[in-house]
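Single-structure report; data block below.
Below, all heavy atoms of this structure are taken into account, side chains as well, without hydrogens, waters or symmetry copies. Worth saying up front: this structure is predicted, and the values here are computed from it rather than measured.
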Amino acid sequence: MMFVSRCLRLILRDILTQSCLHHFLLEFVGTALFLSAGLSAVLIKADLRSSGGLTNHSRPSEGPPPSGVMAVSPACPLQVVLVFGLSVAMAALSVGGAVHLNPAVSIAMALTLRLRLWRAVLYVIGQLLGGVASAALLLGLTGDVTPAVNQVSSGIRLHQAVTVEMLITLQLVLVVMVTTEVPLPVVATPLLVGLTVSLGHLVAVGATGCGMNPARSFGPAAVTLDFRNHWVFWAGPILGACIAALLNDLLLRPRWRRPGDWWAELKQLYVLTDKQQQGVLSQLP
(Lines give C-alpha, C1' and ligand atoms only; values in the text may rest on other atoms or scores of the structure.)
Protein backbone atom coordinates (compact mmCIF):
# COMPACT_ATOMS: atom_id res chain seq x y z
CA MET A 1 0.00 0.00 0.00
CA MET A 2 2.87 2.32 0.82
CA PHE A 3 4.44 1.55 -2.59
CA VAL A 4 1.19 2.41 -4.43
CA SER A 5 0.87 5.62 -2.43
CA ARG A 6 4.40 6.63 -3.33
CA CYS A 7 3.81 5.89 -7.01
CA LEU A 8 0.66 7.97 -7.03
CA ARG A 9 2.46 10.84 -5.36
CA LEU A 10 5.29 10.66 -7.88
CA ILE A 11 2.78 10.67 -10.75
CA LEU A 12 0.94 13.62 -9.24
CA ARG A 13 4.22 15.41 -8.77
CA ASP A 14 5.06 14.91 -12.45
CA ILE A 15 1.62 16.05 -13.61
CA LEU A 16 1.77 19.22 -11.53
CA THR A 17 5.05 20.37 -13.05
CA GLN A 18 5.00 23.57 -15.06
CA SER A 19 6.01 21.71 -18.23
CA CYS A 20 3.15 19.19 -18.03
CA LEU A 21 0.51 21.78 -17.22
CA HIS A 22 1.81 24.01 -20.00
CA HIS A 23 1.46 21.20 -22.52
CA PHE A 24 -2.05 20.52 -21.21
CA LEU A 25 -2.94 24.17 -21.87
CA LEU A 26 -1.38 24.00 -25.34
CA GLU A 27 -3.46 20.94 -26.19
CA PHE A 28 -6.65 22.65 -25.00
CA VAL A 29 -6.03 25.94 -26.80
CA GLY A 30 -4.65 24.31 -29.95
CA THR A 31 -7.53 21.86 -30.29
CA ALA A 32 -10.06 24.63 -29.65
CA LEU A 33 -8.48 26.80 -32.37
CA PHE A 34 -8.23 23.93 -34.82
CA LEU A 35 -11.81 22.72 -34.38
CA SER A 36 -13.35 26.20 -34.20
CA ALA A 37 -12.07 26.83 -37.71
CA GLY A 38 -12.68 23.32 -39.04
CA LEU A 39 -16.20 22.88 -37.69
CA SER A 40 -17.21 26.36 -38.81
CA ALA A 41 -16.55 25.26 -42.39
CA VAL A 42 -18.98 22.36 -41.91
CA LEU A 43 -21.64 24.64 -40.47
CA ILE A 44 -21.21 27.24 -43.21
CA LYS A 45 -21.77 24.54 -45.82
CA ALA A 46 -24.88 23.46 -43.96
CA ASP A 47 -26.25 27.00 -44.12
CA LEU A 48 -26.02 26.98 -47.92
CA ARG A 49 -28.71 24.35 -48.40
CA SER A 50 -31.26 26.85 -49.61
CA SER A 51 -28.87 28.11 -52.31
CA GLY A 52 -28.00 24.63 -53.52
CA GLY A 53 -24.52 24.41 -52.01
CA LEU A 54 -22.87 21.21 -50.89
CA THR A 55 -23.11 20.27 -47.25
CA ASN A 56 -21.33 17.88 -44.92
CA HIS A 57 -24.59 15.89 -44.81
CA SER A 58 -26.56 14.75 -47.80
CA ARG A 59 -29.93 16.22 -48.66
CA PRO A 60 -32.92 14.42 -47.25
CA SER A 61 -34.05 11.60 -49.51
CA GLU A 62 -37.65 10.83 -50.31
CA GLY A 63 -37.82 8.67 -47.20
CA PRO A 64 -36.07 9.03 -43.86
CA PRO A 65 -32.74 7.22 -43.57
CA PRO A 66 -32.83 3.90 -41.71
CA SER A 67 -32.42 3.92 -37.94
CA GLY A 68 -32.67 7.69 -37.92
CA VAL A 69 -29.03 8.08 -39.05
CA MET A 70 -28.30 11.31 -40.87
CA ALA A 71 -26.50 10.42 -44.07
CA VAL A 72 -23.26 12.03 -45.16
CA SER A 73 -22.92 13.45 -48.63
CA PRO A 74 -21.04 11.20 -51.03
CA ALA A 75 -19.71 14.31 -52.73
CA CYS A 76 -16.69 15.81 -50.98
CA PRO A 77 -17.12 19.46 -50.00
CA LEU A 78 -13.75 20.88 -51.03
CA GLN A 79 -14.12 23.78 -48.62
CA VAL A 80 -14.32 21.41 -45.64
CA VAL A 81 -11.32 19.42 -46.90
CA LEU A 82 -9.15 22.52 -47.26
CA VAL A 83 -10.25 24.21 -44.05
CA PHE A 84 -9.61 21.18 -41.86
CA GLY A 85 -6.12 20.72 -43.30
CA LEU A 86 -5.22 24.40 -43.08
CA SER A 87 -6.73 24.84 -39.62
CA VAL A 88 -4.69 22.03 -38.06
CA ALA A 89 -1.55 23.55 -39.60
CA MET A 90 -2.56 26.98 -38.30
CA ALA A 91 -3.19 25.69 -34.78
CA ALA A 92 0.08 23.75 -34.66
CA LEU A 93 2.06 26.77 -35.83
CA SER A 94 0.24 29.12 -33.47
CA VAL A 95 0.64 27.23 -30.21
CA GLY A 96 3.84 25.35 -31.03
CA GLY A 97 5.25 23.04 -28.42
CA ALA A 98 4.90 19.88 -30.56
CA VAL A 99 1.18 19.63 -29.81
CA HIS A 100 -0.81 16.52 -30.74
CA LEU A 101 -4.34 18.02 -31.10
CA ASN A 102 -5.66 14.47 -31.40
CA PRO A 103 -6.18 11.77 -28.73
CA ALA A 104 -5.18 9.11 -31.25
CA VAL A 105 -1.76 10.73 -31.66
CA SER A 106 -1.28 10.99 -27.88
CA ILE A 107 -2.18 7.31 -27.48
CA ALA A 108 0.32 6.35 -30.18
CA MET A 109 3.04 8.40 -28.48
CA ALA A 110 2.36 6.70 -25.15
CA LEU A 111 2.30 3.24 -26.76
CA THR A 112 5.72 3.80 -28.36
CA LEU A 113 7.31 5.12 -25.14
CA ARG A 114 7.58 8.67 -26.40
CA LEU A 115 5.26 9.95 -23.69
CA ARG A 116 4.39 8.85 -20.18
CA LEU A 117 0.96 7.28 -19.91
CA TRP A 118 -0.42 9.70 -17.33
CA ARG A 119 0.74 12.66 -19.38
CA ALA A 120 -1.02 11.19 -22.41
CA VAL A 121 -4.23 10.92 -20.36
CA LEU A 122 -3.90 14.56 -19.32
CA TYR A 123 -3.30 15.67 -22.91
CA VAL A 124 -6.35 13.72 -24.09
CA ILE A 125 -8.48 15.45 -21.46
CA GLY A 126 -7.23 18.82 -22.70
CA GLN A 127 -8.02 17.87 -26.30
CA LEU A 128 -11.55 16.73 -25.42
CA LEU A 129 -12.18 19.92 -23.47
CA GLY A 130 -10.93 21.90 -26.44
CA GLY A 131 -13.34 20.04 -28.72
CA VAL A 132 -16.27 20.74 -26.40
CA ALA A 133 -15.26 24.41 -26.07
CA SER A 134 -15.12 24.89 -29.84
CA ALA A 135 -18.48 23.17 -30.36
CA ALA A 136 -20.07 25.23 -27.56
CA LEU A 137 -18.69 28.43 -29.09
CA LEU A 138 -20.10 27.58 -32.51
CA LEU A 139 -23.40 26.58 -30.93
CA GLY A 140 -23.64 30.05 -29.43
CA LEU A 141 -22.79 31.66 -32.77
CA THR A 142 -24.93 29.56 -35.10
CA GLY A 143 -27.59 28.12 -32.80
CA ASP A 144 -27.15 24.59 -34.17
CA VAL A 145 -24.11 22.35 -34.54
CA THR A 146 -26.01 19.21 -35.52
CA PRO A 147 -24.53 19.21 -39.06
CA ALA A 148 -21.06 18.97 -37.48
CA VAL A 149 -21.85 15.72 -35.65
CA ASN A 150 -20.08 12.78 -37.27
CA GLN A 151 -22.52 10.10 -38.38
CA VAL A 152 -22.14 6.95 -40.43
CA SER A 153 -23.54 7.44 -43.92
CA SER A 154 -26.60 5.53 -44.99
CA GLY A 155 -25.52 2.34 -46.73
CA ILE A 156 -22.23 2.12 -44.82
CA ARG A 157 -22.02 -0.74 -42.33
CA LEU A 158 -20.50 -0.09 -38.92
CA HIS A 159 -17.52 -2.38 -39.50
CA GLN A 160 -16.85 -0.56 -42.76
CA ALA A 161 -16.99 2.78 -40.97
CA VAL A 162 -14.54 1.55 -38.33
CA THR A 163 -12.20 0.34 -41.07
CA VAL A 164 -12.33 3.68 -42.88
CA GLU A 165 -11.62 5.58 -39.66
CA MET A 166 -8.80 3.18 -38.87
CA LEU A 167 -7.11 3.62 -42.26
CA ILE A 168 -7.25 7.41 -42.36
CA THR A 169 -5.94 7.65 -38.79
CA LEU A 170 -3.20 5.13 -39.56
CA GLN A 171 -1.80 7.29 -42.35
CA LEU A 172 -2.07 10.40 -40.18
CA VAL A 173 -0.17 8.87 -37.26
CA LEU A 174 2.51 7.48 -39.57
CA VAL A 175 3.15 10.96 -40.96
CA VAL A 176 3.17 12.49 -37.47
CA MET A 177 5.76 9.96 -36.32
CA VAL A 178 7.96 10.61 -39.33
CA THR A 179 7.90 14.33 -38.63
CA THR A 180 9.05 13.70 -35.04
CA GLU A 181 12.04 11.66 -36.22
CA VAL A 182 13.17 13.33 -39.45
CA PRO A 183 14.68 16.84 -39.15
CA LEU A 184 12.41 19.24 -41.02
CA PRO A 185 11.98 23.02 -41.19
CA VAL A 186 9.67 24.38 -38.51
CA VAL A 187 6.96 25.28 -41.00
CA ALA A 188 7.15 21.99 -42.90
CA THR A 189 5.85 19.72 -40.14
CA PRO A 190 2.45 21.43 -39.60
CA LEU A 191 1.93 21.71 -43.35
CA LEU A 192 2.65 18.01 -43.91
CA VAL A 193 0.27 17.04 -41.13
CA GLY A 194 -2.33 19.44 -42.55
CA LEU A 195 -2.05 17.84 -45.97
CA THR A 196 -2.49 14.43 -44.36
CA VAL A 197 -5.64 15.62 -42.59
CA SER A 198 -6.99 16.94 -45.90
CA LEU A 199 -6.21 13.59 -47.55
CA GLY A 200 -8.16 11.82 -44.83
CA HIS A 201 -11.16 14.06 -45.47
CA LEU A 202 -10.98 13.42 -49.21
CA VAL A 203 -11.14 9.70 -48.51
CA ALA A 204 -13.65 9.47 -45.67
CA VAL A 205 -15.96 12.48 -45.63
CA GLY A 206 -18.50 10.66 -47.79
CA ALA A 207 -18.58 7.60 -45.54
CA THR A 208 -18.28 8.88 -41.97
CA GLY A 209 -17.89 12.64 -42.20
CA CYS A 210 -14.21 11.93 -41.42
CA GLY A 211 -13.63 11.73 -37.70
CA MET A 212 -9.93 10.75 -37.62
CA ASN A 213 -9.80 12.63 -34.33
CA PRO A 214 -11.92 11.56 -31.32
CA ALA A 215 -11.83 15.12 -29.96
CA ARG A 216 -13.36 16.39 -33.21
CA SER A 217 -16.15 13.83 -32.96
CA PHE A 218 -16.65 14.20 -29.20
CA GLY A 219 -17.14 17.98 -29.10
CA PRO A 220 -20.28 18.28 -31.28
CA ALA A 221 -21.65 14.98 -29.91
CA ALA A 222 -21.31 16.20 -26.32
CA VAL A 223 -22.89 19.58 -27.05
CA THR A 224 -25.84 18.07 -28.94
CA LEU A 225 -26.01 14.92 -26.74
CA ASP A 226 -26.09 12.88 -29.95
CA PHE A 227 -23.91 9.82 -29.37
CA ARG A 228 -25.40 7.51 -31.99
CA ASN A 229 -22.66 5.13 -33.16
CA HIS A 230 -20.18 7.43 -31.42
CA TRP A 231 -17.99 4.45 -30.50
CA VAL A 232 -17.05 4.13 -34.18
CA PHE A 233 -15.16 7.41 -33.98
CA TRP A 234 -13.14 6.18 -31.03
CA ALA A 235 -12.56 2.56 -32.00
CA GLY A 236 -11.40 3.30 -35.55
CA PRO A 237 -8.89 6.07 -34.76
CA ILE A 238 -7.47 4.30 -31.69
CA LEU A 239 -7.04 1.05 -33.62
CA GLY A 240 -5.41 2.90 -36.51
CA ALA A 241 -3.09 4.78 -34.15
CA CYS A 242 -1.96 1.59 -32.43
CA ILE A 243 -1.29 -0.21 -35.71
CA ALA A 244 0.61 2.81 -37.07
CA ALA A 245 2.70 3.06 -33.91
CA LEU A 246 3.70 -0.61 -34.00
CA LEU A 247 4.23 -0.58 -37.76
CA ASN A 248 6.51 2.45 -37.53
CA ASP A 249 8.64 1.31 -34.60
CA LEU A 250 8.85 -2.40 -35.36
CA LEU A 251 8.97 -2.55 -39.17
CA LEU A 252 9.42 0.76 -40.99
CA ARG A 253 11.91 2.39 -38.64
CA PRO A 254 12.85 -0.23 -36.01
CA ARG A 255 13.88 1.30 -32.68
CA TRP A 256 14.78 -1.84 -30.71
CA ARG A 257 17.12 -4.60 -31.84
CA ARG A 258 16.18 -6.93 -28.98
CA PRO A 259 13.60 -7.01 -26.17
CA GLY A 260 16.20 -5.80 -23.69
CA ASP A 261 16.43 -2.48 -25.53
CA TRP A 262 12.68 -1.98 -25.21
CA TRP A 263 12.79 -2.83 -21.50
CA ALA A 264 15.67 -0.41 -20.90
CA GLU A 265 13.77 2.41 -22.62
CA LEU A 266 10.63 1.56 -20.64
CA LYS A 267 12.55 1.81 -17.37
CA GLN A 268 14.18 5.04 -18.48
CA LEU A 269 10.77 6.56 -19.16
CA TYR A 270 8.88 5.35 -16.10
CA VAL A 271 11.32 4.26 -13.42
CA LEU A 272 13.22 6.91 -11.52
CA THR A 273 16.62 6.16 -10.07
CA ASP A 274 16.98 5.89 -6.29
CA LYS A 275 18.51 9.35 -6.17
CA GLN A 276 15.67 10.84 -8.25
CA GLN A 277 13.05 9.14 -6.08
CA GLN A 278 14.65 10.45 -2.91
CA GLY A 279 14.84 13.95 -4.34
CA VAL A 280 11.18 13.96 -5.35
CA LEU A 281 9.86 12.24 -2.23
CA SER A 282 11.80 14.61 0.02
CA GLN A 283 9.67 17.45 -1.35
CA LEU A 284 6.39 15.63 -0.75
CA PRO A 285 4.46 16.10 2.52
Side-chain angles (χ1 to χ4, degrees), residues 23 26-27 30-31 34-35 38 81 84-93 95-117 119-128 130-131 150 161-184 188-205 207-219 231-256 262 265-266 269:
H23 275 85
L26 291 181
E27 294 292 345
T31 306
F34 157 45
L35 292 179
V81 172
F84 265 95
L86 292 174
S87 62
V88 72
M90 172 275 297
L93 282 172
V95 301
V99 289
H100 299 160
L101 309 180
N102 188 334
V105 174
S106 297
I107 291 171
M109 293 298 177
L111 181 64
T112 56
L113 306 182
R114 290 176 171 87
L115 182 66
R116 289 173 177 167
L117 181 60
R119 287 198 173 207
V121 171
L122 188 67
Y123 294 176
V124 169
I125 293 173
Q127 294 153 6
L128 295 178
N150 282 128
V162 171
T163 303
V164 170
E165 289 290 321
M166 178 193 72
L167 292 175
I168 60 176
T169 308
L170 185 149
Q171 54 93 27
L172 170 64
V173 173
L174 281 177
V175 170
V176 169
M177 289 194 161
V178 170
T179 60
T180 63
E181 298 173 357
V182 179
L184 293 171
T189 296
L191 292 179
L192 285 173
V193 175
L195 286 172
T196 308
V197 171
S198 291
L199 174 62
H201 279 75
L202 283 170
V203 171
V205 74
T208 63
C210 189
M212 202 185 336
N213 184 335
R216 178 261 179 267
S217 302
F218 180 78
W231 66 271
V232 168
F233 303 100
W234 282 87
I238 290 176
L239 184 59
C242 292
I243 294 175
L246 297 176
L247 184 64
N248 181 80
D249 281 6
L250 298 180
L251 182 62
L252 300 180
R253 281 167 287 277
R255 291 172 59 195
W256 308 291
W262 175 86
E265 188 169 342
L266 178 69
L269 180 65

Specify the closest pair of heavy atoms between [X] and [Y], including all atoms of both residues, with the distance to one decimal.
X: Gly211; Y: Phe233; value: CA-CD2, 4.2 Å
X: Pro190; Y: Ala92; value: CB-CB, 4.0 Å
X: Ser217; Y: Asn150; value: OG-OD1, 2.9 Å
X: Leu35; Y: Gly131; value: CD1-CA, 3.6 Å
X: Ala215; Y: Thr31; value: CB-CG2, 4.2 Å
X: Thr180; Y: Arg114; value: OG1-NE, 4.3 Å

Checklist line | Plane angle bin for His23 and Tyr123 - parallel if under 30°, tilted between 30 and 60°, otherwise perpendicular | finding: parallel
Going from [atom1] on [X] to [atom2] on [Y], what distance comes out if it is rounded to the nearest 0.5 angstrom?
X: Trp256; Y: Glu265; atom1: CH2; atom2: CD; result: 5.5 Å
X: Cys210; Y: Leu202; atom1: SG; atom2: CG; result: 9.0 Å
X: Leu115; Y: Leu122; atom1: CG; atom2: CG; result: 9.5 Å
X: Ile107; Y: His100; atom1: CD1; atom2: NE2; result: 11.5 Å
X: Thr179; Y: Leu191; atom1: OG1; atom2: CG; result: 11.5 Å
X: Phe218; Y: Leu128; atom1: CZ; atom2: CG; result: 5.5 Å

Measuring only between side-chain heavy atoms, which start at C-beta, is [X] closer than 4.5 Å to [Y]?
X: Ile168; Y: His201; value: no
X: Met177; Y: Val173; value: yes
X: Trp262; Y: Leu113; value: yes
X: Gln171; Y: Met212; value: yes
X: Phe84; Y: Arg216; value: yes
X: Leu172; Y: Asn102; value: yes
X: Gln127; Y: Leu101; value: no
X: Leu250; Y: Arg255; value: no

Check: Can you check side chain to side chain contact (heavy atoms under 4.5 Å, CB included) on Leu174 and Leu252, steps first, answer last?
Finding: CA-CA 10 Å; Leu174 281 177; Leu252 300 180; 4.0 Å; yes
Checklist line | Polar side-chain atom of Arg116 near backbone of Ala110 as donor-acceptor pair, under 3.5 Å | finding: no
Next item on the list: Begin from the C-alpha positions of Asn248 and Glu181 and carry the test side chain to side chain contact (heavy atoms under 4.5 Å, CB included) through to its verdict.
Entry: CA-CA 11 Å; Asn248 181 80; Glu181 298 173 357; 3.3 Å; yes
Using distance only, find each side-chain donor-acceptor pair of residues 237-244 under 3.5 Å and give its atom names and separation, not counting sequence neighbours.
none

Margin query: Apply side chain to side chain contact (heavy atoms under 4.5 Å, CB included) to residues Leu192 and Leu184 and explain how you reach the verdict.
Written below: CA-CA 10 Å; Leu192 285 173; Leu184 293 171; 3.8 Å; yes
Next item on the list: With side chain to side chain contact (heavy atoms under 4.5 Å, CB included) as the test, would you mind laying out the steps for Met109 and Val176 before giving the verdict?
Entry: CA-CA 10 Å; Met109 293 298 177; Val176 169; 3.8 Å; yes
